[in-house]
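First up is the structure itself, then whatever we jot down about it.
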Amino acid sequence: MRLTPSAEQEQFAAALHAMLTEADIPTVARRWAADDPAPGQVVWRRLAELGVAGLAVPERWGGLAAHPADVVIACEELGHHALPGPVAESIAALPMLLTTLGDDALCETWLPRLASGEVIGTLAVAPHVPYATDADVVSLVLRADERTLRLGVPGPRLRSVDDTRRLVEVADGALLVTGPTVGPAVAHALDAGALACAAQLLGAGHALLETTLRYAGQRTQFGQPIGQFQAVKHLLADVAIGLEFARPLLYAAAVALADHPAMAARDISAAKVACADAAQRAARTALQVHGAIGYARESGLDLWLTRIWALARTWGTQSWHRDRIRTALAAGDLT
Amino acid sequence: MRPAGTMNLDLDDETHAFRAEVRSWLATNVPATPLPPVDTPEGDLAHRAWERQLATAGLSVVSWPTAYGGRDVSPLQWLIFEEEYHRARAPVRINQNGLFLLAPTLFAHGTAEQRARLLPRMARADDVWAQAWSEPEAGSDLAGIRSRAVRTDGGWLLSGQKTWSTRAAQADRAFGLFRTGVDRHRGLTYLMFDLRVEGVTVRPIQQVGGATGFAEIFLDQVFVPDADVLGAVDQGWTVAMSTASHERGLSLRSPGRFTAAAGRLVRLWCRAGAHADPALSDRVVDGWVAARAYQLHSYGTATREATDRPPEPPPPPGRADRPTRTGPTMLSGGGHATSMTKVFWSELDVALHEVALDLLGPDAETGGLRTGTAGWAGDDGGTDAWLDGYLFSLAGPIYAGTNEIQRTVIAERVLGLPRDRR
């Protein structure tokens, strides 16, 4: 039994944190949104050098074949910094999709390039992931449904509340795979993406808690820091509790993915529900405690707020995930 | 073969065997119908007898050292024991104040003589203990204690009034803080005293559901020997806070209690055919998820290895729009972080029971407080148990430091916000 990060995992997360802090992600993200993806692509290459892009890729295709917990820990740190780009897609869902399909030609074509950082990939899977994030700035775009996997042809860009998420409609491109193997592979890819999404939500929620604690300690009204008022303290205590008790569900879902596949859908849904709820509470509280300045873009809060609002509803809505848990519980899967 | 340090939820062989042993013993020995209510004379006798039965089987205090009647099991195995205990619907622990509040304090601050004299008797419920923290003018503001301990030959004379003292109406002994000096915090001493001696008057207090789970204690020159001072004179606040941390944390209300209740809730929901009601179903799901979150969180804390890096201190101030890093978990740190656990489980307990009552609908109110036991033994809880459990759960956000006090502690001691003007 173990449900806390190892010293190595802690060091890995700290190294990611140091690199992303140095990279000045808020500036990178603004430029990504403003049609200048080059600085973001540099960061993604650095991530690949650190091994992040290949965590979920098997060794025979040039990856690290890491434990799902490593993917979760990395994605949490990427969410913590609000890294722009298709994190859940390229780092988690696509490697799972291609690996599970087991089509050696496809794997050989794409997995080594995903792992090395040569290629960033994205994916649209209706209805949960209807648009391909960043499809206009990455070089692998896939489109999947229950029966077919195709290349995706990027179409018009849509607005996202998070303008660093470049949402793109994709049309059908060349057919890659069709048949009964696609459905299960897509389901696995959705689970891997939902878990990565949950991890990013937890990281983003933590970032907002940290930022808001700093602000509440510095901003004075009525002659004292606003963080000295109990009304503010209690809001922030509840945010901390929500995040604290979401994290073990995230780790347990990673363990289920590795060791108990029959429980993975239920446990990933529990992680997504808890992380999205906790992150949304963090977002609401961050905005409330900052007051008007938080509502203004100059505060920079919007990067995390809008990311949370978007991610909480993609890779499966809260209702859909609760329904999956409900189904498992009704079937007697209680442990 | 898995590399060292890999996350997993597997139990080792020894822990598997321990779970099997506990489950098997409970299956054989837990009474098929509930014992009489613990605060009645028959219930008092029955619950003391149950504790002796547990102790004889070596299952009364599994986490204690063997020298005091325990089995020295790991923190994880203690969590497993609790899961099995609550899953089996075994009787309420009549001596929980002693086992979960006083004993940890004795291990931390007691003398070898005190441990040898008090712990084995506690393990067999030869002494049932009450807590005596609150006073009429010292509730959330516990340091406002007025009851005094005055020096006398060979000991102390206690005078004053304690209230909301759990189990005091039937217990043999009690522990609490008494004023021995003028300093608000450094003028308090932790004392253990007999409840059945001259000068002690106990008046049971009827609770919202009709039971008498707590009482007032009036003390008039009650003699306590020096041997029953726990820790140093005037250092009682520090000593008590280690107990308070246990009370708030997982030892008093372990995850097993809530995973068992969530499991019964799911079965009740299945039986009620309420799947079609999405609002109720979502609440069942959220209750189950929260119970599991508490369980998993405790697994993480219990199995954190000594070589693991300690949690990082709070982040230094930085640029407002750049995240810092608070480390993997805030909670594993110290006593103050158990305030997070306390708020979490107490609100979870209320939520689980509220959903159950809503599932029971108009039958919920017929729980027949203390008038019958029909349905109790069912694996979905039974109306009586859910109603009594609901009333009990409502005390959770109040006792052991109200959740408002806990949120302030979390904000100040865990999150580093500036202290209130108090």
Side-chain angles (χ1 to χ4, degrees), chain A residues 1-10 13-14 17 21 26 67 69 80-81 206-207 209-211 213-218 224-225 227-228 230 232-234 236-238 240-241 244-249 251-252 254-255 258-260 270 273-274 299-301 303 319 322 325-326 329-330 334, chain B residues 4-12 15 76 263 266 270 275 278 281-282 284-286 288-290 292-294 296-297 299-300 303-305 307-309 315 317-318 320-326 328-332 340 343-344 404 406-408 410-412 414-421:
Chain A
M1 171 89 71
R2 182 183 177 101
L3 212 61
T4 44
S6 64
E8 290 74 20
Q9 286 170 323
E10 277 296 310
H17 175 63
T21 304
H67 192 278
H80 189 217
H81 285 267
H206 260 288
L209 174 60
E210 291 152 10
T211 302
L213 286 172
R214 266 200 307 275
Y215 183 77
Q218 290 165 358
Q224 67 177 53
Q228 203 167 346
Q230 279 200 342
V232 172
K233 283 181 175 162
H234 291 193
L236 289 166
D238 281 335
I241 292 167
E244 178 72 16
F245 285 91
R247 192 192 303 271
L249 291 164
Y251 292 159
V255 169
D259 298 344
H260 310 285
V273 164
S299 72
L301 276 193
L303 281 176
S319 307
R322 283 195 170 92
I325 302 166
R326 184 191 63 75
L329 296 184
L334 294 178
Chain B
T6 306
M7 286 191 203
N8 70 91
L9 285 166
D10 303 336
L11 300 182
D12 60 30
T15 304
L76 175 63
V266 168
C270 287
H275 295 180
S281 295
D282 279 358
V284 171
V285 164
D286 285 350
W288 182 84
V289 168
R292 182 162 166 82
Y294 182 26
L296 293 167
H297 191 283
Y299 284 168
T303 57
R304 177 179 289 276
E305 287 167 20
T307 53
D308 288 352
R309 209 177 56 158
D321 62 345
R322 300 293 188 277
T324 47
R325 200 152 180 284
T326 45
T329 176
M330 289 179 279
L331 189 60
S332 54
M340 298 176 79
V343 174
F344 191 79
E404 288 67 40
Q406 305 305 340
R407 287 187 171 91
T408 299
I410 293 162
E412 294 177 359
V414 181
L415 303 180
L417 286 170
R419 299 204 62 178
D420 277 353
R421 293 171 180 156

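So that the names make sense, note that chain A is the first sequence line, chain B the second, and so on, each numbered from 1. This one's a predicted model, so the numbers in the text were calculated from it and none came from an experiment.
Across all non-hydrogen atoms, the minimal contact from A:Pro248 to B:Ala293 is CG-O, 4.0 Å. Between A:Leu249 and B:Val289 the shortest heavy-atom distance is CD1-CG1, 3.6 Å. Among all heavy-atom pairs drawn from B:Leu296 and A:Ala252, the shortest one is CD1-CB, 3.5 Å. Here the closest heavy-atom approach between residue A:Thr4 and residue B:Gly300 is recorded as CG2-O, 3.7 Å.
In terms of heavy-atom pairs under 4.5 angstrom with chain B, the leader among A:Leu303, A:Asp259, A:Leu334 is A:Leu334. Most heavy-atom pairs under 4.5 Å with chain A, from the set B:Val284, B:Leu11, B:Val285: that is B:Val285. Counting heavy-atom pairs under 4.5 Å between each of B:Ala290, B:Ala411, B:Ala4 and chain A puts B:Ala411 at the top.
Side-chain contact check for B:Leu417 versus A:Gln228: every heavy-atom pair is 4.5 Å or farther apart. Within the 4.5 Å cutoff, the side chain of A:Pro5 has heavy atoms near those of the B:Met7 side chain.
Using a 4.5 Å cut-off between heavy atoms, B:Leu9 contacts chain A through both its backbone and its side chain. Both the backbone and the side chain of A:Ala270 come within less than 4.5 Å of a heavy atom in chain B. Heavy-atom distances place the side chain of B:Asp286, and not its backbone, under 4.5 Å from chain A. The part of A:His67 that comes within reach of chain B is its side chain, from C-beta onward, which places non-hydrogen atoms under 4.5 angstrom from that chain.
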Practice item. Take A:Met1 and B:Asp10 through the side chain to side chain contact (heavy atoms under 4.5 Å, CB included) test and state the conclusion after the steps. Key: CA-CA 5 Å; A:Met1 171 89 71; B:Asp10 303 336; over 6 Å; no

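Look at B:Asp282 and A:Arg326 and you find no salt bridge, because none of the NZ, NE, NH1 or NH2 atoms lies under 4.0 Å from a carboxylate O.
B:Glu404 and A:His234 share no donor-acceptor pair across their side chains, judged by distance under 3.5 Å alone.
We find the CG-OG distance between A:Leu329 and B:Ser281 to be 10.0 Å, quoted to the nearest 0.5 Å. Considering CG of A:Leu209 and CG of B:Leu415, their distance stands at 6.0 Å, rounded to 0.5 Å.
Between B:Phe344 and A:Phe245, the angle of the ring planes stays under 30°, which puts this pair in the parallel group of the 30/60° scheme.
Within the 3.5 Å criterion, the main-chain N or O of B:Pro418 finds a donor-acceptor partner in the side chain of A:Lys233.
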